[in-house]
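Inspection log for the structure reproduced underneath, given as structure tokens.
Read the numbers this way: they start at 1 and go in the same order the structure lists the ligands and their atoms. Here the structure is a predicted model, which means the values were calculated and not measured. Every heavy atom of this structure was used, including side-chain atoms; hydrogens, water molecules and symmetry mates were not.
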Amino acid sequence: MKNRMKIIVAITGASGVIYGLELAKKLKNHELFIIVTENAKKVMEHETNNYKEELEKLKELGKFFESDDIEAPIASGSFGVDAMVVCPCSMKTLAAIANGFSDNLVARCSDVMIKEKRRLILVPRETPLSPIHLENMLKLSKIGISIIPACPAFYNKPKTVNDMVNFVIGKILDILKIDNNLYNRWN
Ligand SMILES: Cc1cc2nc3c(=O)[nH]c(=O)nc-3n(C[C@H](O)[C@H](O)[C@H](O)COP(=O)(O)O)c2cc1C
């Protein structure tokens with residue numbers, strides 16, 4: 001693993017934007033590119049106390065792109081992004097990625113990660129899951145995309161929401177091979 005990777009964090013309009021916001025903070029030692037979809041902003045409005053302030057803090061962590069900025073450098077394979085995490089990943093964005101329908105920057109960058117055979121991690125959040133959602137996840141899992149559901153464990157006895165969020169983020173960092181002690185490992 002490189003000491004400093006080029007990593008894209010994309011936040012889409014699924015519940016659990018806190019996962020994406022906290023993940024971006026944990027990646028501060030890397031070159032970070034951040035995309036927030038318009039629908040993610042709407043969810044942020046519901047799930048954070050001051051979404052505009054959260055967005056401003058996020059913009060300080062890396063280079064920020066709007067999801068309609070299809071001309072962004074990260075939209076090209078030649079830019080050499082090492083890894084991308086869509087966190088949380090809505091079922092709509094999951095469907096777009098699974099079908100190569102690159103109509104916004106999140107879907108396009110994901111498409112690039114797949115064609116360039118780079119690490120792509122999706123953190124889907126929906127319940128219950130329909131056969132369509134499951135088929136899309138299976139299709140992507142079969143070609144090596146990591147599916148890490150926003151699904152915290154309880155065996156480590158979480159005491160706060162942050163403990164539960166950190167469990168999922170720890171799993172993402174494990175896949176990225178970034179050392180972390182964000183959750184208690186089973187031993
Ligand atoms: C408050 C709120 C919560 C939502 N939660 C989810 C969710 O957990 N999972 C999901 O797939 N869609 C959820 N949606 C619907 C998505 O936002 C919607 O499908 C949207 O088109 C996703 O667009 P995007 O992937 O481009 O951000 C939610 C919408 C709202 C307003």
Side-chain angles (χ1 to χ4, degrees), residues 7-24 27 32-59 61-72 74-75 81 83-115 119-141 143 145-154 158 161-162 164-169 171-172:
I7 303 178
I8 300 174
V9 171
I11 301 180
T12 69
S15 185
V17 289
I18 188 172
Y19 289 109
L21 297 173
E22 292 300 314
L23 172 67
L27 294 173
L32 203 55
F33 305 90
I34 300 160
I35 314 167
V36 179
T37 67
E38 289 310 303
N39 292 317
K41 290 176 193 170
K42 288 181 191 157
V43 178
M44 273 173 89
E45 234 178 306
H46 292 278
E47 296 190 346
T48 62
N49 292 330
N50 186 339
Y51 90 99
K52 287 192 177 153
E53 200 176 287
E54 291 296 337
L55 265 180
E56 289 315 306
K57 280 195 249 167
L58 194 61
K59 288 177 184 177
L61 298 171
K63 291 201 182 92
F64 186 89
F65 298 96
E66 299 294 344
S67 58
D68 65 353
D69 186 0
I70 214 68
E71 291 172 306
I74 51 175
V81 171
M84 173 169 178
V85 190
V86 184
C87 177
C89 181
S90 74
M91 295 303 104
K92 177 260 197 177
T93 291
L94 171 78
I97 298 169
N99 291 285
F101 188 71
S102 303
D103 68 334
N104 70 14
L105 189 58
V106 178
R108 168 61 188 168
C109 290
S110 302
D111 205 31
V112 167
M113 300 308 284
I114 294 171
K115 80 182 175 74
R119 173 63 67 200
L120 175 61
I121 299 171
L122 306 182
V123 184
R125 217 273 2 151
E126 185 52 282
T127 195
L129 291 164
S130 77
I132 295 171
H133 304 149
L134 291 165
E135 274 180 11
N136 285 336
M137 284 187 229
L138 180 62
K139 186 174 173 185
L140 290 167
S141 177
I143 58 164
I145 294 358
S146 301
I147 310 283
I148 304 186
C151 185
F154 292 88
V161 171
N162 221 35
M164 294 164 81
V165 169
N166 277 344
F167 178 86
V168 174
I169 296 177
K171 292 284 178 180
I172 297 168

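- Around atom CD1 of I132, no more than 12 heavy atoms belonging to other residues, nucleotides or ligands sit under 6.0 Å away.
- Summarising the geometry of A14 relative to P88, their closest heavy-atom pair is O-CG, 3.5 Å, with the distance given to 0.1 Å.
- Remark: ligand 1 atoms within the under-4.0 Å shell around heavy atoms of R125 are 7 (C), 8 (O), 9 (N), 10 (C), 11 (O).
- Checking each of I145, V85, T93 against L122 for a side-chain contact (heavy atoms from CB on, under 4.5 Å) leaves exactly one that passes, namely I145.
- Against a heavy-atom cut-off of under 4.0 Å, T93 is close to the following atoms of ligand 1: 24 (P), 25 (O), 26 (O).
- Atom 26 (O) of ligand 1 has as its closest protein heavy atom K92 NZ, 2.8 Å.
- Residue-to-ligand polar distances keep H46 apart from ligand 1: every N/O pair is separated by 3.5 Å or more.
- Scanning the protein heavy atoms around atom 21 (O) of ligand 1, the nearest turns out to be N39 ND2, 3.4 Å.
- With atom 30 (C) of ligand 1 as the reference point, the heavy atom nearest to it among L129, V43, T127 is part of V43.
- With hydrogens left out, the protein atom closest to atom 10 (C) of ligand 1 is E126 OE2, 3.5 Å, a heavy atom.
- Heavy-atom contacts of T12 reach the following atoms of ligand 1: 25 (O), 27 (O) (cutoff under 4.0 Å).
- For NZ of K59, the number of neighbouring non-hydrogen atoms (other residues, nucleotides, ligands) closer than 6.0 Å is greater than 12.
- Just one residue in the list K42, H46, E45 forms a side-chain contact (heavy atoms from CB on, under 4.5 Å) with Y51, and that residue is E45.
- Looking only at protein heavy atoms, the nearest one to atom 5 (N) of ligand 1 is S15 N, 3.2 Å.
- No heavy atom of K42 sits closer than 4.0 Å to any atom of ligand 1.
- With no hydrogens or angles considered, a side-chain donor-acceptor pair links S15 and E47 at under 3.5 Å.
- In terms of N/O distances under 3.5 Å, ligand 1 is approached by M91.
- To the nearest 0.5 Å, the span separating CD1 on I18 from CD on E54 amounts to 8.5 Å.
- Taking only non-hydrogen atoms, the option from S90, A10, P88, G13 nearest to atom 16 (C) of ligand 1 is G13.
- Here the rule is side-chain contact (heavy atoms from CB on, under 4.5 Å) with I8, and of V86, I74, L120, L105 only I74 fits it.
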